[in-house]
Amino acid sequence: MSTIDIPDEHDDIDGIEVIDIRSGDRSTPFEHRVEPVSKTTKAIKFLESHPDVQISPAAVRRIAFGAVEPGLLEGARLERHRVETGWLSVLTYRAYTLLLSPAIENDRLLDEAHYAADPDTSDQQRVLSMPTAHDTDATLVYADAMDDLLAAIDRASKSVRKNNPQEVGRRIVERPLTAVPATFLNPGRHPDDDLSLVDGNSRWASCTADIKVPASSIRPTNAKDPDSLLPSHLMRLPLAERRDLVREIVKNAHRDINANTGTSRAARAKRDQAARLLNAMTVPVQVIVGYTDDHPTMGMGRFPVAVRSLLMRMNIGVREFKEPSKNGVTAEEIVTALFDAGELGDNAQVVRDVLLGRTDVTDAMKSLGLNPALRDLRFTFVVQQLTRKEPRLNAVMAAKLDKRSLQVTHRSGPIVELGLRSYSSLPKEKLAPVRTALDTGCLWQALADHEWPVENIDNDKAVDDLLERADNDDIPARLLLGVLAMVTLVTSGYLLAPGGSAEQIVGNIKVMRAGVGTVIKTVLDTKEGRQVLADAIKRIRAGLHPQWWADGHLVEQDGWKGSDFNAHLRLAANHGFAREGYQNDPTATELEDKALTAFQTSLTAASADLDDLIALRKMNGTTTELSWTVVEPSFKQLSFMGNDLARIAEGEPR
């Protein structure tokens with residue numbers, strides 16, 4: 001049976017050739033053939049005895065069976081890749097595409113995944129639990145049920161095949177993929193191990209896009225029409241049968257080339273498609289086969305973090321992570337590092353599970369004294385945990401964020417991505433403006449300057465009690481009220497990034513166009529503002545529209561949409577809640593405050609730019625120091641600015 005199906009007509013006839021992938025003598029005509037198993041014996045013995053290869057015999061066998069030229073593995077030199085926590089040992093060779101599997105879960109899609117922390121996420125859609133480290137091997141361990149793993153890997157493969165197609169087949173794949181051994185604790189009737197990609201999923205998916213499932217044991221149904229090959233089809237097969245499948249597909253493709261020798265359009269199309277298939281059947285791959293931690297006592301404990309570090313910072317390829325996905329990975333690295341460093345308190349495992357949101361958080365939230373049914377409480381807990389002042393916590397976060405010093409704005413991206421996992425089932429069109437609004441800046445400095453606990457504010461009386469304490473200058477209560485209100489308003493669409501028509505909505509008076517955190521902070525400093533925020537928490541939770549402050553009390557506003565409330569809240573942040581206080585021309589004091597804010601904002605931006613320069617030098621391996629003539633103007637400007645600021649500021653308290 002042919003593994004490809006070509007119509008009689010074809011629009012792209014260009015005489016595609018099968019590319020010679022041999023590394024040795026090329027004097028004889030090339031025909032792609034899978035080496036017999038006997039050719040893998042020496043490679044297996046070499047790898048099993050190599051001191052830097054720290055993987056199981058089963059993983060070694062997968063590498064040897066999957067190599068296009070297994071003889072080259074004997075005596076192969078391993079490379080060492082530096083990552084944040086230590087060194088990874090990497091073996092590079094050319095492998096059969098179908099003897100690798102795409103990522104169990106693609107980190108590039110983290111912002112699109114559905115999380116168990118969201119009470120509306122179904123079992124069929126939710127993201128998996130994070131892989132753990134093997135006790136002794138450089139291997140990722142997955143504890144989820146195999147059916148869940150297969151469903152997740154198929155979803156991810158279909159997604160990248162659709163959203164990021166690659167041109168393969170006309171040429172062979174030349175940019176290496178990166179893989180790591182994986183083992184499954186609950187394999188059921190399936191093999192309990194694999195070689196799983198951590199980079200190159202789009203290339204893998206494009207290589208296999210035109211392969212149909214042969215009418216053999218891997219077909220999941222009795223359907224007459226062949227199905228597109230998916231990772232789950234391959235992962236059902238024992239290793240030897242999977243290799244036999246590769247041999248069958250290669251043999252059939254060569255048969256199609258040899259059988260269609262005519263000059264008709266259909267014959268040429270059949271040959272070209274078979275050549276494309278053969279060119280896509282192999283890929284260069286780097287397999288991580290060992291790990292040495294900087295702290296030997298850690299063993300393999302930080303191996304999963306090391307793998308993600310390689311992917312994030314050293315091997316992102318042509319298509320970089322989108323910022324939300326990058327923030328999601330960084331957030332998980334931060335939480336894992338805080339857990340490993342003992343910085344999550346006495347109830348560390350529970351706190352970790354709630355922050356990550358990958359597993360059902362019902363019991364964990366209850367053990368923290370929080371109502372698991374309220375998404376805003378979990379989001380608020382994420383904010384509180386990742387804005388704490390502890391020096392060691394801040395040092396861990398700064399290291400993971402590649403910052404010299406940790407500022408409150410630096411924490412925003414990871415906090416947003418972890419917090420939004422409680423809302424991950426929202427439609428994309430609703431979640432996108434929420435993420436945009438939070439990304440404009442959802443934090444303010446007081447959150448990191450003061451200790452504030454998250455209380456179980458899960459009913460109207462609790463909100464009223466919190467408001468009373470906030471009105472009595474209880475700073476922790478005021479901060480908790482502000483974060484709860486911000487999360488509630490933003491995720492329900494009542495406080496988003498300001499639209500272009502915001503001024504028109506409020507009578508052409510200037511509104512505050514700062515981030516949502518700044519708006520909340522400003523409103524929170526007024527008694528009327530705290531009333532509006534507390535009322536919004538109660539009413540939005542009850543499915544009602546928030547009320548507005550008018551004539552000295554809260555009033556329902558007929559016909560108001562989310563944009564109306566947003567514009568009025570931003571108006572009040574700029575001018576207060578008393579209508580007679582609205583003005584277009586700011587006072588001299590307001591102008592000075594605005595100038596100071598602009599100056600301090602520019603310093604934050606400059607500091608971030610310097611962090612980026614330092615990170616870029618680190619990534620490029622640059623060790624030469626900048627010449628003094630290049631940096632002298634900057635040093636002088638910083639010195640002058642320090643002197644000028646000192647002249648208008650109080651002395652530092654002693």
Side-chain angles (χ1 to χ4, degrees), residues 3 21-24 31-50 53-76 78 89-104 137-140 153 172-173 176-184 187 190-198 200 204 207-208 211 213-214 216-218 229 231-254 277-278 280-290:
T3 58
I21 56 173
R22 293 174 295 181
S23 59
E31 179 171 333
H32 194 150
R33 62 186 297 271
V34 179
E35 295 279 11
V37 171
S38 60
K39 295 281 188 175
T40 67
T41 304
K42 291 182 179 179
I44 291 173
K45 289 182 178 179
F46 170 77
L47 293 175
E48 286 184 338
S49 62
H50 196 292
V53 175
Q54 301 164 286
I55 55 178
S56 69
V60 167
R61 195 162 171 260
R62 279 196 179 272
I63 290 173
F65 271 42
V68 175
E69 297 177 286
L72 297 182
L73 294 179
E74 185 185 3
L78 272 61
S89 298
V90 177
L91 176 66
T92 301
Y93 60 100
R94 195 162 194 91
Y96 288 110
T97 308
L98 301 188
L99 285 168
L100 304 168
S101 294
I104 305 299
D137 297 342
T139 298
L140 298 180
I153 195 173
I172 59 174
V173 175
L177 290 66
T178 303
V180 63
T183 187
F184 314 119
H190 305 291
D192 64 358
D193 72 304
D194 210 329
L195 290 180
S196 177
L197 298 181
V198 292
W204 189 96
C207 284
T208 59
I211 301 177
V213 180
S216 64
S217 59
I218 73 169
L229 188 70
S232 58
H233 297 137
L234 298 171
M235 294 172 70
R236 291 187 174 98
L237 295 177
L239 177 58
E241 291 183 24
R242 190 162 169 176
R243 196 164 186 269
D244 288 342
L245 172 65
V246 174
R247 180 180 287 106
E248 177 188 354
I249 292 175
V250 168
K251 180 180 66 176
N252 289 343
H254 275 296
L277 177 64
L278 288 171
M281 281 301 292
T282 70
V283 291
V285 62
Q286 304 175 120
V287 178
I288 300 168
V289 296

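In this structure, I153 and S101 approach most closely via the heavy-atom pair CD1-CB, 4.3 Å. Closest approach of S232 and R236 over heavy atoms only: O-CG, 3.1 Å. The heavy-atom pair separating L100 from W204 by the smallest distance is O-NE1, 3.1 Å. Taking both residues in full, the closest heavy atoms of T40 and A64 are given as CG2-O, 3.6 Å, listed atom of the first, atom of the second, then distance. Among all heavy-atom pairs drawn from L73 and A67, the shortest one is CD1-CB, 3.8 Å. Here the closest non-hydrogen pair linking Y96 and R33 is OH-O, 3.6 Å.
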Go through R242 and D194 one step at a time and tell me if the salt bridge (Lys or Arg N to Asp or Glu O under 4.0 Å) criterion holds.
CA-CA 11 Å; R242 190 162 169 176; D194 210 329; 3.3 Å; yes
Given Q286 and L177, is the side-chain contact (heavy atoms from CB on, under 4.5 Å) satisfied, shown in steps?
CA-CA 6 Å; Q286 304 175 120; L177 290 66; over 6 Å; no
Checking side-chain contact (heavy atoms from CB on, under 4.5 Å) for the pair F184/I104: CA distance, chi angles, key distance, verdict?
CA-CA 11 Å; F184 314 119; I104 305 299; 3.9 Å; yes
Apply side-chain hydrogen bond (donor to acceptor under 3.5 Å, both in side chains) to residues T183 and D193 and explain how you reach the verdict.
CA-CA 4 Å; T183 187; D193 72 304; over 6 Å; no
Checking F46 against K42 for the side-chain contact (heavy atoms from CB on, under 4.5 Å) test, could you report, in this order, the C-alpha distance in whole Å, the side-chain angles of both residues, the deciding distance, and whether it holds?
CA-CA 6 Å; F46 170 77; K42 291 182 179 179; over 6 Å; no
side-chain contact (heavy atoms from CB on, under 4.5 Å) evaluation trace for Y93 with V68:
CA-CA 8 Å; Y93 60 100; V68 175; over 6 Å; no
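Just one of I55, T178, L91 meets the side-chain contact (heavy atoms from CB on, under 4.5 Å) condition when paired with I288; it is T178. Partner of L234 under the side-chain contact (heavy atoms from CB on, under 4.5 Å) criterion, out of L98, T208, T97: L98 alone. Partner of P181 under the side-chain contact (heavy atoms from CB on, under 4.5 Å) criterion, chosen from T139, V60, D137: T139.
Between P191 and M235 the shortest side-chain heavy-atom distance does not fall below 4.5 Å. Contact check for L99 versus R243: side-chain heavy atoms found under the 4.5 Å cut-off. Side-chain contact check for L47 versus I63: some heavy-atom pair is nearer than 4.5 Å. In this structure, the side chains of T92 and P284 stay at 4.5 Å or more apart for every pair of heavy atoms. Contact of the M281 side chain with the I249 side chain is registered, since non-hydrogen atoms from C-beta on lie closer than 4.5 Å.
In this structure, R62 fails the cation-pi test against F65, since its NZ or CZ atom is not both closer than 6.0 Å to the six-membered ring centre and inside 45 degrees of the ring normal.
Using modelled atom types, one side-chain atom of H254 and one backbone atom of H32 make a donor-acceptor pair closer than 3.5 Å.
The distance from the CG atom of L195 to the CG atom of L239 is 9.0 Å, given to the nearest 0.5 Å. The structure places SG of C207 at 10.5 Å from CD1 of I172, a figure rounded to the nearest 0.5 Å. Going from atom CD1 of I21 over to atom CZ of R94 covers 6.0 Å, rounded to the nearest 0.5 Å. A distance of 9.0 Å separates CG of L278 from CD of E31, quoted to the nearest 0.5 Å.
Under 3.5 Å, the side chains of S23 and E69 contain a donor-acceptor pair of N or O atoms.
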